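Here the structure is a predicted model, which means the values were calculated and not measured.
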Amino acid sequence: MGPIAASSSEDDTFFCAIDASGKQQVICWGKNSSSSPLSSSSSSSSSSSSSSSSSSSSSSSSTIFTNIPPMASLSGGEGFLCGISANTSQAHCWTPQTTDLVPSTFSSIAYSHIAAGKSHVCAVRGPYYSDLDSGNIDCWDIIVKTPNNVNRTSLASKQTTFFYDQSISNLVFKNIVSGDGFSCGSIRYGGLICFGPNSNILGISETTENYVVLASGKNSLCGISELSREVTCWGAENWEVPPPNATKFVYLSSGSQHFCGIREDNHGIECWGSFNSSYIPKGAGFKAIASSEFATCGIREDDLVLDCWSNSNLSSVNYDPPLELCSPGLCSSKSCGLGEFSFNASLLNEPDLVNLCVRKDLRICSPCGTSCSEGFFLSSPCTESGDRVCTHCSLCQNSSCWDTCGGAVKSQPEMRRLWHHFRRVVVIIGSSAAGVLIILLGAWCLLPRLLGGYGSGSKEGKGKKQFKCCIGKPQLEAADQENFSDLPFHSPQSAGVVAPCPGVAQVFRLSELKDATNGFKEFNELGRGSYGFVYKALLAEGRQVAVKRANAATIIHTNSRDFEMELEILCRIRHCNIVNLLGYCSEMGERLLVYEYMPHGTLYDHLHGGLSPLNWSLRLKISMQAAKGLEYLHKEFSPPIVHRDVKTSNILLDSEWGARIADFGLLTPSNHKEYSSGVGDLASDVYNFGIVLLEILSGRKAYDRDYNPPSIIEWAVPLIKQGKAAAIVDRYIALLLKLADVAELAVRENPSERPCISNIASSLEQIVKDGLFL
């Protein structure tokens with residue numbers, strides 16, 4: 001019993017899990033075949049009708065069972081699943097075809113544990129949300145039912161005498177598992193007992209030891225000792241892979257002939273029985289897992305995203321799960337014990353999510369990890385409110401992690417010192433060379449204008465878009481589009497959607513982006529906004545990109561047609577001072593945008609966030625380049641594109657410290673309307689850009705309560721109008737005073753008095769030109 005479970009039968013295998021939205025809904029997925037109704041009720045937005053009806057397809061689909069109440073726990077049997085209601089503690093058992101597999105005698109009883117076997121179910125009485133975790137048990141059969149004149153079978157249930165045993169009728173159980181013709185459980189005052197017609201195959205002798213976790217296969221049983229946390233197994237004797245010895249575990253799952261467990265130390269996976277260990281994921285930690293005959297699925301600890309892997313090399317088996325966040329454990333009223341922490345919903349970075357349980361008085365106690373997987377070192381221990389923190393060895397900075405990340409590093413201090421000095425020399429020489437190169441490139445960019453060949457005065461340029469130089473990077477014109485991205489173009493049909501701009505934007509598969517972002521793990525996160533999260537990604541061919549993943553609010557407020565229309569706009573935007581779109585993905589209800597990666601972060605980070613400070617020459621260039629990007633949006637499109645959210649955190653710096661405008665606000669819920677607007681909105685962009693210029697000048701935030709007045713406009717504009725602009729900059733520089741004048745014009749209260757962005761860009765370009773030749 002857990003937050004994830006599997007159901008296997010001859011016809012179909014499917015997995016179900018409890019989502020992590022706080023609603024505790026049940027999400028199910030499985031092999032897409034004609035025998036499975038999951039394919040017809042899929043939540044996937046990218047599956048075509050032809051593929052969803054093909055019995056030979058091995059693609060995965062998923063559905064949320066809206067007719068199943070919120071679940072507190074799940075357990076899988078042969079062709080069916082059972083669970084305990086999160087609100088009432090009542091038992092529910094169902095298949096994709098039916099939801100009434102609990103006999104009426106037991107349908108109104110509250111249960112704390114439930115266990116589905118091959119063809120029967122047992123449950124421990126008592127509400128799961130009470131302090132008591134033990135009670136008497138009820139069992140019932142799940143029987144195969146074949147309707148007349150119908151060439152298919154279904155399942156039904158009946159109150160059973162099959163498992164009735166007078167010797168256990170008065171026992172109080174703490175937990176329960178069920179297999180093929182047997183059930184086993186730990187009893188309140190110690191010991192493990194098994195019953196049922198096939199229980200003798202386990203060969204369990206009398207024991208007084210308690211087992212906190214149990215899992216049962218077809219003819220075998222394994223348990224985690226409460227005292228040692230080690231695994232003991234009974235039943236099958238000819239293990240292809242023997243059970244682990246002296247390894248501590250926190251969680252178990254089982255298929256018919258194999259078991260898998262989550263280790264206590266690093267939360268990695270180990271499996272034994274008839275199992276090919278080469279398919280087990282390496283280096284990943286898990287909260288909970290469930291196994292079927294051919295596959296195992298788990299909930300990853302870093303991000304609560306689902307992950308599945310095959311138990312063999314059967315290529316026809318594909319249980320690719322939906323990209324959902326799932327519950328890390330079971331909700332309980334008990335306080336977390338030693339070696340556990342109370343899972344904090346804020347760790348999921350979802351602003352609207354405050355609790356993972358339907359009942360606010362419940363909590364999820366997760367086992368602490370004590371070490372990290374290979375390639376990571378322990379940077380922070382587990383506390384009452386959070387698990388231990390593992391950090392990648394590439395960030396190892398001192399002797400505390402040298403032993404974990406490689407003894408060779410520690411044993412060669414002289415080599416480290418030599419490398420450190422060498423790196424400093426390279427940085428100094430490289431910086432000097434780069435500075436000279438930037439000046440030469442800048443001069444080369446301005447040379448055509450000085451010679452009369454750049455700008456509106458050029459005869460050859462009239463009636464055409466000009467070739468515009470942006471510090472060594474030409475603007476991407478229509479003729480250059482085919483060379484814009486060196487990524488191979490994927491056929492839109494491969495993702496099941498129509499490409500708004502074929503040949504320009506690549507259509508990515510969800511699995512590609514999932515792998516490229518390490519499953520959207522937190523350490524890959526670059527930032528977040530109203531649209532969703534942005535992740536750093538490394539594509540299979542070695543290229544770094546940024547992946548923007550839409551949150552639930554964005555998906556709800558933008559339908560598929562809106563998304564396609566907005567993609568058409570984004571695909572047409574191509575400029576060297578814009579963060580350009582490379583591709584997108586629209587699968588399984590997800591909406592992901594792939595952008596150029598900006599390695600130097602945001603302008604905000606450098607001005608206010610503690611990253612390296614920017615010298616004045618670079619600040620001037622960033623001002624001019626950002627204005628050029630905004631000018632492109634305002635002037636090159638009809639109707640113009642209004643940014644609506646111009647600020648320092650939306651100005652990014654590329655590998656050459658070039659400024660790029662990002663986040664046009666097209667796909668956010670707050671801006672779900674026509675992208676064009678009037679002069680007033682264009683003037684609003686100019687006003688916000690004026691604030692950016694004031695931040696660049698002064699190093700102050702747009703609004704900072706540590707200052708009086710806190711508004712940068714109320715503080716700076718009066719000084720500039722009084723001829724005291726030098727008071728807002730760190731040192732007196734004539735060029736920056738000109739920049740102050742431009743900023744003051746941009747933030748004037750009357751929109752009609754504000755210059756257009758083209759005039760601002762021209763003024764800043766002239767200031768940069770003056771600065772280059774000082």
Side-chain angles (χ1 to χ4, degrees), residues 1-9 12-30 38 62-96 98-99 101-102 110-118 120-124 127-129 142 155 157 175-179 183 213-216 251-255 260 262 286-292 295-299 304 306-308 319 321-322 324-332 356-359 362 364 366:
M1 187 181 79
I4 183 171
S7 171
S8 296
S9 67
D12 197 15
T13 295
F14 63 95
F15 288 81
C16 292
I18 299 171
D19 79 345
S21 68
K23 299 178 181 179
Q24 295 187 246
Q25 289 181 300
V26 177
I27 305 164
C28 296
W29 67 99
L38 290 177
S62 65
T63 187
I64 294 179
F65 280 98
T66 56
N67 55 345
I68 298 297
M71 286 286 124
S73 61
L74 299 172
S75 179
E78 187 174 76
F80 67 96
L81 262 84
C82 291
I84 295 173
S85 167
N87 292 317
T88 65
S89 282
Q90 294 171 352
H92 290 266
C93 294
W94 71 93
T95 70
T98 182
T99 60
L101 295 181
V102 178
Y111 292 103
S112 60
H113 287 75
I114 195 166
K118 179 181 179 181
H120 77 283
V121 180
C122 288
V124 179
Y128 81 94
Y129 48 78
I142 302 294
L155 298 179
S157 64
N175 55 24
I176 193 79
V177 293
S178 298
S183 289
V213 179
L214 294 170
S216 59
Y251 199 93
L252 291 178
S253 71
S254 61
C260 290
I262 299 177
F286 287 83
K287 289 291 186 185
I289 52 175
S291 296
S292 70
T296 298
C297 292
I299 300 168
L304 303 190
L306 294 162
D307 199 359
C308 293
Y319 296 103
E324 300 280 353
L325 302 185
C326 291
S327 177
L330 301 180
C331 297
S332 171
L356 298 183
C357 302
V358 168
R359 295 172 58 100
L362 303 182
I364 296 175
S366 297

**Request:** For the residue pair Met1 and Ile84, establish whether any side-chain heavy-atom pair is separated by less than 4.5 Å.
**Result:** yes
**Message:** Let me confirm one number: the CD1-CG distance from Ile142 to Leu101, rounded to the nearest 0.5 Å.
**Reply:** 5.0 Å
**Fill in**
Between the OH atom in Tyr111 and the SG atom in Cys122, the distance rounded to the nearest 0.5 Å is 10.0 Å
**Prompt:** Val121 versus Ile114: any side-chain heavy-atom pair under 4.5 Å?
**Reply:** yes
**Minimum-distance pair of heavy atoms, taken over all atoms of Trp94 and Gly83** = CZ3-N, 3.9 Å
**Asked** In Å, rounded to the nearest 0.5 Å, how long is the span from CZ of Arg359 to CG of Asn87?
**Response** 8.0 Å
**Message:** For a 4.5 angstrom cut-off between non-hydrogen side-chain atoms, does Cys331 reach Leu356?
**Reply:** no
**Asked** For the atom pair OH (Tyr251) and OG (Ser366), what is the distance rounded to the nearest 0.5 Å?
**Response** 11.0 Å
**Tyr128 side chain to Ala86 backbone, donor-acceptor under 3.5 Å** = yes
**Expected output: side-chain Ser75 to main-chain Ala116 donor-acceptor under 3.5 Å** = yes
**Message:** Is it the case that the side chain of Ser7 and the backbone of Gly77 share a donor-acceptor pair, with hydrogens and angles ignored and the cut-off at 3.5 Å?
**Reply:** yes
**Prompt:** With a 4.5 Å heavy-atom cut-off, do Leu304 and Cys326 have their side chains touching?
**Reply:** no
**Message:** Treating Gln24 as the side-chain partner and Met71 as the backbone partner, does any N or O pair qualify as donor plus acceptor under 3.5 Å?
**Reply:** yes
**Request:** Apply the test side-chain hydrogen bond (donor to acceptor under 3.5 Å, both in side chains) to residues Ser254 and Ser291: give CA-CA distance (whole Å), side-chain angles for both, the deciding distance (0.1 Å), then the verdict.
**Result:** CA-CA 5 Å; Ser254 61; Ser291 296; over 6 Å; no
**Asked** What is the minimum heavy-atom distance between Ile176 and Ser183, and which atoms define it?
**Response** CD1-CB, 4.3 Å
**Complete:** Rounding to 0.5 Å, atoms CG (Leu74) and SG (Cys16) come to a distance of 6.5 Å
**Request:** For residues Ile364 and Leu330, determine if any side-chain heavy atom of one lies less than 4.5 Å from a side-chain heavy atom of the other.
**Result:** no
**Prompt:** What is the distance from atom CD1 of Ile4 to atom OG1 of Thr296, rounded to the nearest 0.5 Å?
**Reply:** 9.5 Å
**Message:** Measuring only between side-chain heavy atoms, which start at C-beta, is Trp29 closer than 4.5 Å to Leu306?
**Reply:** yes
**Message:** Looking at every heavy atom in both Tyr129 and Ser89, which two are closest together, and how far apart are they?
**Reply:** CE2-OG, 3.2 Å
